[in-house]
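Each chain gets a letter, A, B and so on, in the order its sequence line appears, and its residues count up from 1. What you see below is based on every heavy atom in this structure, not just the backbone, and it leaves out hydrogens, waters and symmetry mates. Predicted model only: the values in this text are computed from it and were never measured.
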Protein chains: 4
Amino acid sequence: MNRFSKEVINVGEMASGALLTVPVYRLKGDSSAPSVYIQANMHGAEVQGNAVVFQLLELLKNISVKGDVTLVPYANPVACNHKNGEYTLGRFDPITGVNWNRMYHFDPSIIKPFVRESIGKDDAIIAANFKQLMIDKIEQKLEHNAFGLTTGQRIAYQLQRLAHQADYVLDLHTGPISSKHLYCPEYAKASAQYFNIPHNILIPNTFDGALDEATFCPWWQLQEAFAELGIKYSISSKALNKESFTVELGSQEQIDLDAALEDAKSILCYLQHKGVIDAAQYQPQIMTRFACYLKDYKAYYSPMGGMVDYLAEFGKPLAAGKPLARILRMDNYGDGDPLHYVSLENEVLPILHFASASVNQGTELYKVFTHFFEL
Amino acid sequence: MNRFSKEVINVGEMASGALLTVPVYRLKGDSSAPSVYIQANMHGAEVQGNAVVFQLLELLKNISVKGDVTLVPYANPVACNHKNGEYTLGRFDPITGVNWNRMYHFDPSIIKPFVRESIGKDDAIIAANFKQLMIDKIEQKLEHNAFGLTTGQRIAYQLQRLAHQADYVLDLHTGPISSKHLYCPEYAKASAQYFNIPHNILIPNTFDGALDEATFCPWWQLQEAFAELGIKYSISSKALNKESFTVELGSQEQIDLDAALEDAKSILCYLQHKGVIDAAQYQPQIMTRFACYLKDYKAYYSPMGGMVDYLAEFGKPLAAGKPLARILRMDNYGDGDPLHYVSLENEVLPILHFASASVNQGTELYKVFTHFFEL
Amino acid sequence: MNRFSKEVINVGEMASGALLTVPVYRLKGDSSAPSVYIQANMHGAEVQGNAVVFQLLELLKNISVKGDVTLVPYANPVACNHKNGEYTLGRFDPITGVNWNRMYHFDPSIIKPFVRESIGKDDAIIAANFKQLMIDKIEQKLEHNAFGLTTGQRIAYQLQRLAHQADYVLDLHTGPISSKHLYCPEYAKASAQYFNIPHNILIPNTFDGALDEATFCPWWQLQEAFAELGIKYSISSKALNKESFTVELGSQEQIDLDAALEDAKSILCYLQHKGVIDAAQYQPQIMTRFACYLKDYKAYYSPMGGMVDYLAEFGKPLAAGKPLARILRMDNYGDGDPLHYVSLENEVLPILHFASASVNQGTELYKVFTHFFEL
Amino acid sequence: MNRFSKEVINVGEMASGALLTVPVYRLKGDSSAPSVYIQANMHGAEVQGNAVVFQLLELLKNISVKGDVTLVPYANPVACNHKNGEYTLGRFDPITGVNWNRMYHFDPSIIKPFVRESIGKDDAIIAANFKQLMIDKIEQKLEHNAFGLTTGQRIAYQLQRLAHQADYVLDLHTGPISSKHLYCPEYAKASAQYFNIPHNILIPNTFDGALDEATFCPWWQLQEAFAELGIKYSISSKALNKESFTVELGSQEQIDLDAALEDAKSILCYLQHKGVIDAAQYQPQIMTRFACYLKDYKAYYSPMGGMVDYLAEFGKPLAAGKPLARILRMDNYGDGDPLHYVSLENEVLPILHFASASVNQGTELYKVFTHFFEL
């Protein structure tokens, strides 16, 4: 049976001096095999990933693991303990409002100088050097800053330092009330089929502060910088295969250990495909996998304030003009229209909707795929 | 077709000067017939009652209505618009923490003097006088207070002034994640069977600030005060039949217009039985109705912090020792017990559970009937 | 130099499993001398008491201490770490809205049976037995509860268990924006002059869940129960001298170590008078001490929503009709009155005002002494 | 006496249907004279600007006004009414966390095509066309968006539509606990001396979503685009003189009508200099005005969690190594260091500090000028 080591890392302090700690589970593999880093619960209400980490730990005990595996539940101890009323206010720092998943670090200006120095070097050497460079940059950020770091940066950078060690990175999130979906970099499209996830968003090479981007953007831009010099250097090459995904497990504020077991198996299918584990029993399901490009993944903002009866089902194409929802406006009863049906002008694939029935004018009501296609 | 009048009342002001308004719908009936007052959404996240009011208005249009009907959706404009993150923080005043449904008024010291003056008077006169006395007391509170009223009192008292006009009062609420249940004063037990609600809590004659209590406690205590003098005077008597209920419609943060139609019909069954309407087609369903006394309606507080997979189903008796929930504690993985099953020592009937998977030690996990019985 | 022992007690758990801990500092004295328990920061934003505990620890190092001294800063680790925006949302449990200082325990039904058993016994024995009885009751609450305790009860009861060991109890709080004031039980009025605090509220024998009440009410009711039987038994007697105060140090959200030193000295004056310490250099200041009865300590609720320019100074009698504040209402500019002056019909002594300029209609604007007098 | 017109504009709806309204005050001037737009309270807790608008209205009544004046208090009705506990949670949308002052619109891609069309045209024509173009773009955003706008965009764009009409734009804000300071575009440095504000931040031509940037960036980039073609076209030229400032009035959560009168006069000095009014009595004070570039305006994040006694005074140069604050850590008492002094390695000018004594590791403790100089 495989044994995991456990380390508790300190990522911050509260006003009372209470330490903010995060448990890190490691299974040491063969350094020649590819490694994976998986974290959960960076957003406080998105707890299901912790249950998936639990099931992964249980499953990995008894299968052949080839590469290093690092698993981090409760990644954000501020967010996952911050209640306001009954719910967990965990999408942003309650003091500043900054989204916890927009605080990771990447400075593109490191690419060009690195490429200049690397010309003529061996692919594996370049990969090792670049990996080290990114780790050094994060450690510099963590340890050398006269003016300090924000609470969120300190948490994010310490997690990122762990993520940079691995070849594959999975950041486990959920939507508000949501179907399962996957954020996948365009170049890794082929890997999407190894997850049992029906909806896939193909994302470009632009860094906006999230962990998945902070992981793949540097390598992608590195490849592009070499390409500009006419040097072929591929992140999908055997020599260095780097991928990173944000896995949206469903709805927030819920723990379902049975569903978590299925999601853990889905992740093992991907790890089997990538050679992190050797367990042929984990094969992806045959299913229709829809996809769209990030630019076509649209938020629909409520055209009015009101109370919403959500009608559109997730994952079922919704024809143009068919209602997404009906909005109750009792204040209009008697002298106005108390019931409004809202719809879109084109066919869409509903992916998630807002977590509450009460919305202001301008609240994000639904997120939908437009111009979607089968993978 | 019946016509409703609409009045918009002003219940307060915000810092910007924005008025807090509440719409009031009235259907004028025959003053000799009994009247009803129904309000919804005193707690901000408990929105389904607004949909029930909508369906009641639609149904009442086309049936014979005998007594006055007053319907008040959006009863609390502060609470129903107060967001913190995606959810509505609506159980308590965000400034003071005081529960919005604990601010109604009743001063028991008015009973004894009133009884003394009433001896020998006719039942109907006594009823009319007492009704007027309660209305006067509320108006005094609203208009004569050198030191002012709290935000919540001003809202509650204005609604209470409307409620005191009616013979029957229904306050529409919901639980967090919840089955349908009814708070019913012990003396009105017989009326519980007219609602299509399977779970009933029988409440005693103690005033704790809620609207239902503020409505029935005065009349109940009046009856008791007469009884002490050996005078029979019954609130269930034809001369004055006063009842008040808190109707818990299910879960918060949800609008479901189809479910609301069913709940509206359930309320019409009660109004038909009470003679407020004349529509024999509304008859209660045959169903098993469970009940317990308020002292036996227990909250179970989490014995630990953790993330909860709620297992016990609502409305299904749960045997002693069977798990209510399992609590995930990933921080214990490897060097402790990551999964805890929690249960109770006696059979219970689960009614509702907490709205979030994340709980602190001491968070209210479940509310259950103990020593329950069939009505 | 006196040495303090330090113990860290565990008062709860968060969702992540993070422990809620409280540091307890103890200086062991002579058990024959009277003892004191002092806690700070039960309300999260009321942090200045921690600085006073710091200064007390520094001062007590070098003076003669006769009785046991127990000091507890950061008494409420949930409240003092709970931010919402820049401020600390610490007056109530963010999940339930219940005021953290209304969760202490006292069951008056224990008094009469205890008195019956105690008749004829020696005062000191009675005192010892009653003290033990209260400790037993709290431990029972903490350890034997099939349905559990709320988060706040678990914290409060554990602190109360410590407080019940002591003869004198001080609970350090602050107002929002506030002058220094003291809550003093009527029977201990004479002790108020030993604190350097100009404003004193004399409180009666009614238990409302606060620590000061939970400490003195049992003993006061015990004395009254004996008195009913014609037995003289005085809590101010040498044999058992029990006192408890809530000390309001000024404004919340502030740490001022210099002001804290002065407040620490003021507390030492009281402890010197009570014989807990032997340090004659600590003598109270000569100052005018105003007082009023709790029933005359009035909150004034804003008659309107608006933005407030607070005018009345704390501790200066304000003549009838003189303005407490002026309220800006820009929305009225041009077609109404943009500036409103609010005042009261009688002379008052302003003690504190609301922490923000923005108020709703019904927000507590000022708290003032009415019918006040010199102690 | 000058007469203001008042218009109440609708900027959104809440869940209950309650309208979000903003009052707009206009004084019509001579269209040949330069015009000004001034708004206040975009951030909910930053209320003092409303008092300044009040005093401006009072002062402008009785002086000679040449150009159009538009004044908008309570610019953000969601933010200024949103309480969490006693304070106003107004820096960001409580649902999304997005800063209310990062939602204004500017699309730089409009510049180059506009310049191409404008070559050879008259300066005044170009100015008029460009002004119209920006207004058209905002109206397009407001009226043609199949997927809708966020709550904050709808508010911001409607205010921006008003701001784009004016030559000069002032956005009135405050810091948390803060000195008076001014955000001034580098090219308008000379105008800073017309305000009675001792601290000035010189900001570059980068758009980050704030109103001041949304106003001057387009014109500045327009000038640069012409310059690239060798065409001289100056925003400081008489033909089109465009300036925009964020005026930080001091601390949040406070209304002080007397201080507001002084700040109103300071603004009139600027308007007199710009020819919007003709009132020579308003002349700026002689004072030392410090400035630094935005890149040198540094936030210092707390190196630890704790409770802070803020020591450094605003506006007084603080020598290298001198303490900004001391941080209390009672949990360290007895077995660690309970008091930490924090300082910086270079001389700084403290401008503002955090609003609460309780900070987490990484909370923004102070903001300071580095490399500052006299204007």
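- The part of B/L339 that comes within reach of chain A is its side chain, from C-beta onward, which places non-hydrogen atoms under 4.5 angstrom from that chain.
- Note: B/M330 leads B/K6, B/M330, B/M307 in heavy-atom pairs under 4.5 Å with chain A.
- Proximity of a side-chain donor or acceptor of A/N10 to a complementary backbone N or O of A/T21 within less than 3.5 Å is not detected.
- Of all the heavy atoms in B/L71 and B/P73, the pair that sits closest is O-CD, 3.7 Å.
- When heavy atoms are compared at a cutoff of 4.5 Å, B/L257 approaches chain A by way of both its backbone and its side chain.
- For the set A/V359, A/N81, A/V308, A/D256, the entry with the most heavy-atom pairs within less than 4.5 Å of chain B is A/V308.
- Highest contact tally toward chain B, considering only A/D331, A/L89, A/T88, is held by A/D331 [criterion: heavy-atom pairs under 4.5 Å].
- Counting heavy-atom neighbours within 6.0 Å of A/K61 NZ, excluding the residue itself, gives a total above 12.
- Using a 4.5 Å cut-off between heavy atoms, B/R326 touches chain A through its side chain atoms alone.
- B/N332 touches chain A through its backbone: at least one of N, CA, C or O sits under 4.5 Å from a heavy atom, while the side chain does not.
- Taking B/Y25 as the reference, A/Y333 meet the ring-ring contact (aromatic ring centres under 6.0 Å, His included) condition, with sequence neighbours excluded.
- With a 4.5 angstrom heavy-atom cutoff, B/F54 touches chain A via backbone and side-chain atoms both.
- When A/T174, A/D171, A/N99 are each tested for a side chain to side chain donor-acceptor pair (under 3.5 Å) with A/H43, only one passes: A/N99.
- With rounding to the nearest 0.5 Å, the separation of CD1 in B/I9 from CD1 in B/I155 is 10.0 Å.
- Heavy atoms of B/A51 lying under 4.5 Å from chain A belong to its backbone as well as its side chain.
- Across A/V8, A/V53, A/L57, the residue that shares the most heavy-atom pairs under 4.5 angstrom with chain B is A/L57.
- Between chain A and the options B/I255, B/L311, B/D258, the largest number of non-hydrogen pairs under 4.5 Å is found for B/I255.
- Taking the six-membered ring where the residue is Trp, B/H353 and B/Y310 present parallel rings, their angle staying beneath 30° rather than reaching 60°.
- Of the listed residues (A/R3, A/Q252, A/Q254, A/R91), the greatest number of heavy-atom pairs within a distance under 4.5 Å of chain B belongs to A/Q252.
- Inspection of the B/K83 and A/T363 side chains reveals no N or O donor paired with an N or O acceptor under 3.5 Å.
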